[in-house]
Amino acid sequence: MKNLVLLVCICLGIFSCKNSTPDPLNESNFKIKAGFICGWGSGIDTLEIANQTVRYTYYVPRNSLKPQVVKSRKLSDQEWAEIKNVVNWSQFNLLKYKTCNVCFDGCDEWIAIQNGDLSHQITFTKGLKIDTISSLQSKIAQLKTELGN
């Protein structure tokens, strides 16, 4: 009898384990937007990744309403795959960062991801590294550096 109870408990334990595979990305409606905004009109930038294209925009609002930098390019299949691989939708969707440093003339970074009909956005202190999305942050920084020059 003890062996039967032990066997049932083991089976329940095995079958009740959650699958740790991240939620799949909906490629038909998958978009990443990221940027920063600083107080006193000192600068805003936006990086948008969608449909294997990356677009970067930067402007200083107090100087002009016209962007100073606007660049875009197609992503190679390899780059697109790398970006999709660094996005773990389940982990990103759990993040609860909501700073408002810009409200007090500071700077905030933000990242928004749209995955099909679902979307989630976080804002955090400019320069903060978040462990669970550090690979995504690195990829975003790399693309901003490339297109911002």
Side-chain angles (χ1 to χ4, degrees), residues 10-149:
I10 290 172
C11 289
L12 284 174
I14 291 171
F15 292 115
S16 66
C17 290
K18 277 184 130 181
N19 185 355
S20 62
T21 305
D23 292 339
L25 297 177
N26 180 338
E27 288 193 44
S28 64
N29 196 11
F30 173 65
K31 184 184 298 185
I32 300 171
K33 286 186 172 185
F36 76 82
I37 183 169
C38 292
W40 286 96
S42 58
I44 296 173
D45 82 349
T46 303
L47 183 80
E48 184 175 334
I49 305 167
N51 301 321
Q52 274 191 269
T53 302
V54 61
R55 175 184 165 94
Y56 178 75
T57 308
Y58 172 79
Y59 69 98
V60 179
R62 73 171 175 229
N63 292 344
S64 170
L65 295 177
K66 183 178 178 185
Q68 293 176 329
V69 178
V70 178
K71 292 183 182 175
S72 65
R73 71 170 176 83
K74 283 293 211 185
L75 294 167
S76 69
D77 290 341
Q78 180 181 348
E79 285 179 302
W80 183 237
E82 287 173 8
I83 290 168
K84 290 185 299 183
N85 285 337
V86 299
V87 174
N88 182 321
W89 172 252
S90 297
Q91 285 183 340
F92 182 77
N93 201 33
L94 293 175
L95 297 175
K96 303 293 183 207
Y97 291 84
K98 291 252 187 247
T99 60
C100 193
N101 296 311
V102 72
C103 300
F104 303 98
D105 297 324
C107 295
D108 289 305
E109 282 187 68
W110 56 273
I111 300 174
I113 298 178
Q114 181 176 342
N115 184 23
D117 293 333
L118 305 172
S119 64
H120 184 65
Q121 179 172 331
I122 60 172
T123 57
F124 49 95
T125 301
K126 191 171 188 294
L128 178 69
K129 298 299 178 212
I130 301 170
D131 290 340
T132 56
I133 60 167
S134 62
S135 297
L136 175 60
Q137 287 179 297
S138 294
K139 190 65 180 170
I140 289 169
Q142 174 191 350
L143 289 168
K144 281 184 174 189
T145 299
E146 172 197 330
L147 295 171
N149 294 326

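Just so we're clear, the structure is a prediction, and the values are computed from it rather than from any experiment.
In this structure, His120 contributes its side chain and Ile111 its backbone to no donor-acceptor pair below 3.5 Å. Asn115 places no side-chain N or O within 3.5 Å of a backbone atom of Leu118 that could act as its donor or acceptor partner. Within the 3.5 Å criterion, the main-chain N or O of Trp89 finds no donor-acceptor partner in the side chain of Asn93. When atom types are taken as modelled, the side chain of Glu48 and the backbone of Lys31 share no donor-acceptor pair closer than 3.5 angstrom. Proximity of a side-chain donor or acceptor of Thr99 to a complementary backbone N or O of Phe124 within less than 3.5 Å is detected. When atom types are taken as modelled, the side chain of Asp108 and the backbone of Thr123 share no donor-acceptor pair closer than 3.5 angstrom. Looking at Gln114, its side chain never comes within 3.5 Å of a backbone N or O of Ile32 through a donor-acceptor pair. Not one N or O on the side chain of Asp45 forms a donor-acceptor pair closer than 3.5 Å with the backbone of Tyr58.
In this structure the side chain of Trp80 never reaches within 4.5 angstrom of the side chain of Val54, judged on heavy atoms. Side-chain contact between Lys96 and Ile122 is absent, with no heavy-atom pair separated by less than 4.5 Å. Using a 4.5 Å heavy-atom threshold, the side chains of Ile140 and Lys144 count as touching. Within the 4.5 Å cutoff, the side chain of Ile133 has no heavy atoms near those of the Val86 side chain.
Atom-to-atom distance recorded for Ile130:CD1 and Leu95:CG is 6.0 Å, nearest 0.5 angstrom. Lys129 contributes atom NZ, which lies 5.5 Å from atom CD of Gln137 (distance to the nearest 0.5 angstrom). Atom CD of Gln78 sits about 11.0 Å away from atom CD1 of Ile83, to the nearest 0.5 Å. Atom OG of Ser119 is separated from atom CG of Asn29 by 9.5 Å, given to the nearest 0.5 angstrom. Separating the CZ atom in Phe36 from the OG1 atom in Thr46 is a distance of 9.0 Å, to the nearest 0.5 Å.
The two residues Arg73 and Leu143 have their closest heavy-atom pair at NH2-CD2, 3.7 Å. Contact record, Gln121 with Lys98: O-NZ, 3.5 Å, taken as the closest heavy-atom pair. Closest approach of Leu147 and Leu47 over heavy atoms only: CD1-CD1, 4.2 Å. Minimum heavy-atom separation, Cys38 to Lys126: SG-CD, 4.3 Å. The shortest heavy-atom contact between Leu128 and Glu109 is N-OE2, 4.3 Å.
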Legend entry - Intermediate values then yes/no, side chain to side chain contact (heavy atoms under 4.5 Å, CB included), Val60 and Gln68: CA-CA 7 Å; Val60 179; Gln68 293 176 329; 3.6 Å; yes
Legend entry - Evaluation steps, side chain to side chain contact (heavy atoms under 4.5 Å, CB included), between Leu75 and Thr53: CA-CA 5 Å; Leu75 294 167; Thr53 302; over 6 Å; no
Inset, instruction - Determine, stepwise, if the pair Asn101 / Cys103 fulfils side chain to side chain contact (heavy atoms under 4.5 Å, CB included). - result: CA-CA 5 Å; Asn101 296 311; Cys103 300; over 6 Å; no
Legend entry - Residue pair Phe30, Val87: steps toward the side chain to side chain contact (heavy atoms under 4.5 Å, CB included) verdict: CA-CA 11 Å; Phe30 173 65; Val87 174; 4.0 Å; yes
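Summarising the local packing, CG of Asn51 is surrounded by 12 or fewer heavy atoms from other residues, nucleotides or ligands at distances under 6.0 Å.
A salt bridge is absent between Glu79 and Lys74: the closest approach of a Lys/Arg side-chain nitrogen to an acidic carboxylate oxygen does not fall below 4.0 angstrom.
Judged purely by distance below 3.5 Å, without hydrogens or angles, the side chains of Gln142 and Glu146 never pair a donor atom with an acceptor atom.
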